[in-house]
Each structure stands twice: as C-alpha cells, then as structure tokens.
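See below for the structure under consideration.
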Amino acid sequence: MFAIADANNFYASCERVFQPKLEGKPIVVLSNNDGCVIARSAEAKLLQVAMGAPYFKIEQYCKQEGIAVFSSNFSLYGDLSQRVMQIISGYAQRSEIYSIDEIFLDLSGMPWDLTTYCQGICSTVKQWTGIPISIGIAPTKTLAKLANRLVKKGLSAHGAVLDWRTLDAPDEALATIALDDIWGISRRWSEKLKALDIHNALALKKTEPKRMRQYFGVVMERIVFELRGASCIPLEAMPPAKKQIMTSRSFGEKLTEFADLRAAVTYFAARAGEKCRRQKLAAQALTVFIQTSPFDSQHPQYGNSATTEFELPTHDSAILIQAAHQGLERIFRQGYSYQRAGILLPDLLPAGVAQMSLFDTGEPSARSEQLMATLDNINRLHGKKSIQYASEILSNRWHMRQQFKSQSYTTNWRELLTITI
DNA sequence: TCTGGGGTCCTAGGACCC
DNA sequence: TCTGGGGTCCTAGGACCC
C-alpha cells in the first residue's frame, strides 16, 4: 500500500504561515524575476489566474481583485518543506521524498485503519508547521496520486484523506478523470490517446497493455497496469545520486557586456560547486551556456554553449570558475542582448573514487578539499555569501528582480518574524 | 519594458566488443 | 540454398515530472 502526502498550494501556504491575515484571501507566487505565475492559492484559482501567466499581463487584474503577490522565496519554501517531510516520514518505515511538496509512504502491513492513521498525519503537520496537506492511499503509486487528486477536488468522504479502496464505485470515479490528470500523461500523450478513441482514465485502464506499449512504449504500459491496481513503480527509499547539476537564471535586465556575463557565470559555477560538494559528487566536465530572449523578435537571436572536460573529476569552485570563464570567452559574441545564462555539470561521479592521472601526487587535491570545506563552513555558519570569489561580485547587473519577496523567516537571524503589539 | 529553474527516463540508431 | 549470437556505450530526440 502506498500513500502520497502532498501539501496544498504549497508555496502560497508557506507565505500564509507567516501572514495569517491572508487566510481565505487569494495569493499568487511568481517565478524568479517575477516573470510568471508558478503557484496559486485556492482563491486565486477560483479567480481564474492561470498557471504560467506572465505577470505583466495580469498585474492590473491582481490589483483590482486584491490578490496578494509574492516573489518566490525558495529558502523559506525549502526549509518548511524539510520540516514537513521530517514529520511525515516518521509515520512509516520507508518513504520517498518525491518533490518539494510531495512524499510517498510505504504503508504495507500496517494493521490499523489507514484513513484514520493518515488523518492523524494531516492534523499533526498542520498543527506543527501550519501547512495543510492532503493524502491519497492506494495499492499503486498512480492510483494514490489519483486518490489525492479526488481529495483536492473535495470528493473524499473523509476530509483530507482518501483510501482508493473505500470508494463505492472506483470505475465511475476513473471515468470522471481526464487523461492529463493521470500521473505521467501530459498534453501530447493525451491528444494521441484521444486520437485512438481513449478519452478518460477508465478507458485507458481497459486498454490492452501490450498494445499501449506498441504505441507509446513501456512507460504507458506501466501506467495501464498501475491503473488496474498492479504496482509497477516501486518506492525509492534511497534517492539515487544525481547525474547532472544545473544552475541557471534569467537576468533582471538584458546584458550586453562580457564583464556582466562573466560575473553571472562565476556565481553559477560557484553555486554548482557547492551543490556538488554537498552531494559528495565530482564533475568530469562543465558546460556554460548563454542565450538571448526567445520572446524578443526585435533583436537578433543568439545562443551557444561550450564544454570543458577536466583531467580529474573535481568539485573545486576555483577550477569550475576557471573553466566557466574560458568557455564564456569562446562563445561570447558582441552585439547581442543576453537574457539568460547557466552552468551545467553533466557527468557526475561519486567524489573520491576517480581514476588519478599517472603523475598526480594527490597533494593539490588535499589542499583543495580543505579549502572548499572551510569555505562551505564559513557560509553555513555565518550565512550565504559571507565569503565569495571576487569575480562573483564584480558586477551585479544580472541580479534577479524580486520586488515582492517575503522574509527568510526561518533561515536568517536578521529576518525573523517580528510582532508589534 | 515585462514570459522559471530545475530534473528524469526511454528509444532508436550507430559504433564497437568477443 | 546458405550468411551467429550475445553484448555495451554513446548520442540525440522526445516525452514526462515538480
């Protein structure tokens, strides 16, 4: 038996925890650079604010309807997510954190009533963190996700929890579920399914799995089996090591100067190095990429990338930064307005298991390890950006617009919530 | 003026191994 | 007429997730 616990409108709920006056009020959260809508409270959904809507197109509407607008605050969301996950994972022997606001639980073999048990999880999480969650329970992950979806639509007889097995007419419920509401099916596949005269989850369940495999591949075949109640997608209690790490951003304003881009990619390379070290991985190569805005039809477009391979796998920020600079020099062209850049570390290995080169003594890498550990410690103890590479801060013109950002209430001593009486 | 930032898996084809 | 059998690795493209 699987359960999926999922926070309701997670980013909007995080903002509401620290501004309870927004209870019952519409909230939207914007992407980096305040570009487009990436989260909406239930009230904002009722006001027909679309997911992904560019903010500049709905700004007036938000003001008119009194919608509270926030820039994304990932240090807040990440921290609250950790707290929620820690609480929920205590309720099962095995669990899998699936995304920032979702966690699967293995509820196999539990002798008590699972609906009551999960209702207890919901109320504890709400009481301890202020975040509302919903839980779907079923014999497969795909059905658990659907049960969760029915909860969100208000179709559960048990509040925030629904056990698929307690449905009186599960097939009738499936018949009401649109294809692209199924986990793993998006617009293209649902269109292709409709062309085959398959129009809802029940119809898909009744297809022949082998035939679906011929049309779509093994992924769709598994979905059909899962809809039938045969589990094909196991719980992954141990998250597999990352295969690649990316750090990229759109800029607050278009950049034309090499020096501004160089500061940006330096920052990205340093962040990618931090991620790499935290996950105990090392990069065999680094790709730097830059591009102009695909929405800008007035100016000439250009995008390019350059990859540098390392002699030895590394997670030393200085080496990553140097490679990023060299790559940028190769691809930078004068005369374009750049909108976005980033760093990709494409082929990661576990740190410390690398093949040494014939003449390597190991000593420089020991010094590098020490230096990186010290750097990470300083930034952990004294806050992000306490110590940075000089070339990161030679320009800040690329910095994101974040006009509506709330405080980092839980991760920064200088931004604690203050209450005036 | 203004449109996010991360990731994964599968498949097919080509090149190569013994 | 007849033309082995079993693999791996890499890449690009296409799909999906949050």
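Throughout, protein chains are lettered first and strands after them, A, B, ... in sequence-line order, and every chain is numbered starting at 1.
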Next item on the list: Mind checking A:R213 for me? I need base, sugar-phosphate or nothing, with any heavy atom below 4.0 Å counting as a touch.
Entry: nothing
Show every donor-acceptor pair shorter than 3.5 Å between a side-chain atom in residues 51-62 of chain A and any protein atom, with sequence neighbours excluded, or say none if there are none.
unit_1: A:E59; atom_1: OE2; unit_2: A:K63; atom_2: NZ; d: 3.4
unit_1: A:Y61; atom_1: OH; unit_2: A:L47; atom_2: O; d: 2.8

Next item on the list: Taking the side chain as every heavy atom from C-beta outward, state whether A:H299 and A:Y336 have any pair of such atoms under 4.5 Å apart.
Entry: no
Notebook entry, point to check: Looking across every strand, which nucleic acid part, if any, lies under 4.0 Å from A:D101 by heavy atom: base, sugar-phosphate, or nothing?
Noted result: sugar-phosphate
Check: What integer number of Å spans the P atoms of B:dT3 and C:dC18?
Finding: 25 Å
Check: Contact class for A:F216 vs. all strands (heavy atom < 4.0 Å): base, sugar-phosphate, or nothing?
Finding: nothing
Next item on the list: Determine the contact category for A:S293: base if any of its heavy atoms lies under 4.0 Å from a base atom, sugar-phosphate if only primed atoms, P, OP1 or OP2 are that close, otherwise nothing.
Entry: nothing
Notebook entry, point to check: What nucleic acid atoms does A:E102 come within less than 4.0 Å of, heavy atoms only: base, sugar-phosphate, or nothing?
Noted result: sugar-phosphate
Check: Closest nucleotide of DNA chain B for A:Q244 versus for A:D34: which of these residues is on the 5' side?
Finding: A:D34
Note to self: Considering every strand and a 4.0 Å limit on heavy-atom distances, what is the contact class for A:K192: base, sugar-phosphate, or nothing?
What the structure shows: nothing
Margin query: Does any part of the side chain of A:I185, heavy atoms only, come nearer than 4.5 Å to the side chain of A:L193, both counted from C-beta?
Written below: yes
Next item on the list: Check each of A:I4, A:N8, A:V161 against A:S134 using the side-chain contact (heavy atoms from CB on, under 4.5 Å) test, and report the only one that passes.
Entry: A:N8
Item checked: Secondary-structure string, 5' to 3', Watson-Crick or G-U under 3.5 Å, | for another-strand partners, for DNA chain C -> ....||||||||||||||
Notebook entry, point to check: With sugar-phosphate meaning primed atoms plus P, OP1 and OP2, does A:L30 contact a base, only sugar-phosphate, or nothing at under 4.0 Å between heavy atoms?
Noted result: nothing
Notebook entry, point to check: Under the 3.5 angstrom rule, does the side chain of A:S186 hit a backbone N or O of A:R188 as a donor-acceptor pair?
Noted result: no
Notebook entry, point to check: Contact boundaries of DNA chain B with chain A (under 4.0 Å, heavy atoms), 5' to 3'?
Noted result: B:dC2 to B:dT11
